[in-house]
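Note on naming: letters A, B, ... go to the chains in the order of the sequence lines (proteins, then strands), and numbering restarts at 1 for each one. Nothing here was measured: the structure is a model prediction, and the numbers come from that model.
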Number of protein chains: 2
Amino acid sequence: MAASNYEEAERQLRRYLSKNGLRCTVERLAILKSLWENGGHPSAEMIAQSLSKGPLYVSRATVYRTLDLLVEAGLLTCSNLGEGHRHYEINVDHHDHLICRRCGKIIEVRSPEIETLQRKLCKEAGFEPLSHTLEITGLCGACRREIADDGESDNGAWRRSAVRQHGE
Amino acid sequence: MAASNYEEAERQLRRYLSKNGLRCTVERLAILKSLWENGGHPSAEMIAQSLSKGPLYVSRATVYRTLDLLVEAGLLTCSNLGEGHRHYEINVDHHDHLICRRCGKIIEVRSPEIETLQRKLCKEAGFEPLSHTLEITGLCGACRREIADDGESDNGAWRRSAVRQHGE
DNA sequence: GCATGAATTGAGAAGTCATCTCATTCGCTC
DNA sequence: GAGCGAATGAGATGACTTCTCAATTCATGC
Ligand SMILES: [Mn+2]
Ligand SMILES: [Mn+2]
Ligand SMILES: [Zn+2]
Ligand SMILES: [Zn+2]
């Protein structure tokens, strides 16, 4: 289902575009390629900046429009990651995110058991699941150790956004 | 831990405020009360509008500031619900959300098994969880039936935002 | 290859949600 | 009730996203 390399993803995009009477433009290919080359969980802004280092100029409007399209086509996924804007990543295999409130590190985790329980939950509610996001915010191992070392003194640079979004 | 009625929540707020050298203002009480009286998953804007029907004027700035504070104090939780803004709700007992992409209905579900698996996942990653949100988007029972009835004709009014945010 | 026409882009305005600044007001303590 | 520091309101500002429309580009058929 999900592409496992860029070439496959590009074929999948071309198929989606022609099936829907849309055009395969250099901008669309460049944005898809940028995601595969740089990886991670970039925002629209980060993708635009990454593209600006290449030979092809792509406007912000096109970046946003294309990201929507690539999500729609199943080539990307979109999540919030506890910040005030959207993050995109290539849709390889589904996973959930552990987000460190202090350093911002993102740990990707997989749990088929949780997925199964989620489907069960939906079934019981008569709900047809189409997608889901599980985000856990907290402290990564490194930050836990640093806090332990510092004692109570300096709590380091906590990420305001992450703290705010997922208030306990 | 979490309050089970408004009076208890107010006491909890007063305790939090005095402990932190903050003041108990009519605005803060009004916002907390609004959440308990109206329930649901309102946005900051919805809360401001709800308050505007009462005798006390509260500015948008104060609404936003107070919601942050109430989340910090553990009296509210904050989530995105697949839309481009934050939603707040009183923090009674933790639950997850099923969000209908078509009609916007929010179904609250509880799964201790999933919570346990999440803790296990975090432990394995050396991660200390502080909070989490699990949001599943899809189609509620009513919408599934309506779509089945309509055949392929009218797919009804799908919620753009929900569709966009949690792309599969 | 080249004309044709619809899809797409870029520029910039506009919109939404959230935060910030600072003068004024208000709780709290004495 | 005076005094002081915290909190509010008004409005500017900012971050992110969407919209509008003229200009451009891609696909299709000659
Ligand atoms: Mn990821
Ligand atoms: Mn809820
Ligand atoms: Zn960390
Ligand atoms: Zn529905």
Worksheet item: Going from CG on B:Leu70 to SG on B:Cys78, what distance comes out if it is rounded to the nearest 0.5 angstrom?
Response: 11.5 Å

Fill in: Short side-chain N/O contact to C:dT8 OP1/OP2 from A:Arg28, under 4.0 Å
yes

Worksheet item: Looking at B:Arg65, does any N or O in its side chain come under 4.0 Å of the phosphate oxygens OP1/OP2 on D:dA6?
Response: no

Discussion item. Between A:Arg11 and A:Glu7 (salt bridge meaning N to carboxylate O under 4.0 Å), is one present in this structure?
Written reply: no

Practice prompt. Report the residues that fulfil side chain to side chain contact (heavy atoms under 4.5 Å, CB included) with B:Gln12, sequence neighbours left out, ordered by chain and then residue number.
Written response: B:Ala3, B:Arg15, B:Leu75

Worksheet entry | Point-to-point distance, once rounded to the nearest 0.5 Å, from CD1 of B:Ile31 to OH of B:Tyr64 | 11.5 Å

Fill in: Candidate pair B:Arg14 and B:Glu10, rule salt bridge (Lys or Arg N to Asp or Glu O under 4.0 Å), full reasoning
CA-CA 6 Å; B:Arg14 288 181 184 278; B:Glu10 182 178 322; 3.0 Å; yes

Worksheet item: When you check every protein heavy atom under 4.0 Å of nucleotides 24-30 of chain D, what one-letter string (B, S, -) results, 5' to 3'?
Response: -BBS---

Worksheet item: Does B:Arg102 pair with B:Glu146 as a salt bridge, N-O distance under 4.0 Å?
Response: yes

Worksheet item: Nearest 0.5 Å, what's the CG-CD distance between A:Asp96 and A:Glu108?
Response: 10.0 Å

Worksheet item: Would you say D:dT17 has OP1 or OP2 under 4.0 Å from some side-chain N or O of A:Tyr64?
Response: yes

Item to complete: Report the distance from atom NE2 of B:His87 to atom C1' of C:dT16, rounded to the nearest whole Å.
Response: 13 Å

Which atoms of nucleotides 1-3 of chain D (N or O only) lie under 3.5 Å from a protein N or O atom, and what are those distances?
none

Item to complete: Please identify each residue that fulfils side chain to side chain contact (heavy atoms under 4.5 Å, CB included) with B:Thr25, with sequence neighbours left out.
Response: B:Arg23, B:Glu27, B:Arg28

Fill in: Partner set under side chain to side chain contact (heavy atoms under 4.5 Å, CB included) for A:Ser18, not counting sequence neighbours
none

Fill in: Those residues of residues 41-63 of chain A lying under 4.0 Å from DNA chain D by at least one heavy atom
A:Ala61

Fill in: Under-4.0 Å salt bridge between B:Glu45 and B:Arg60
yes

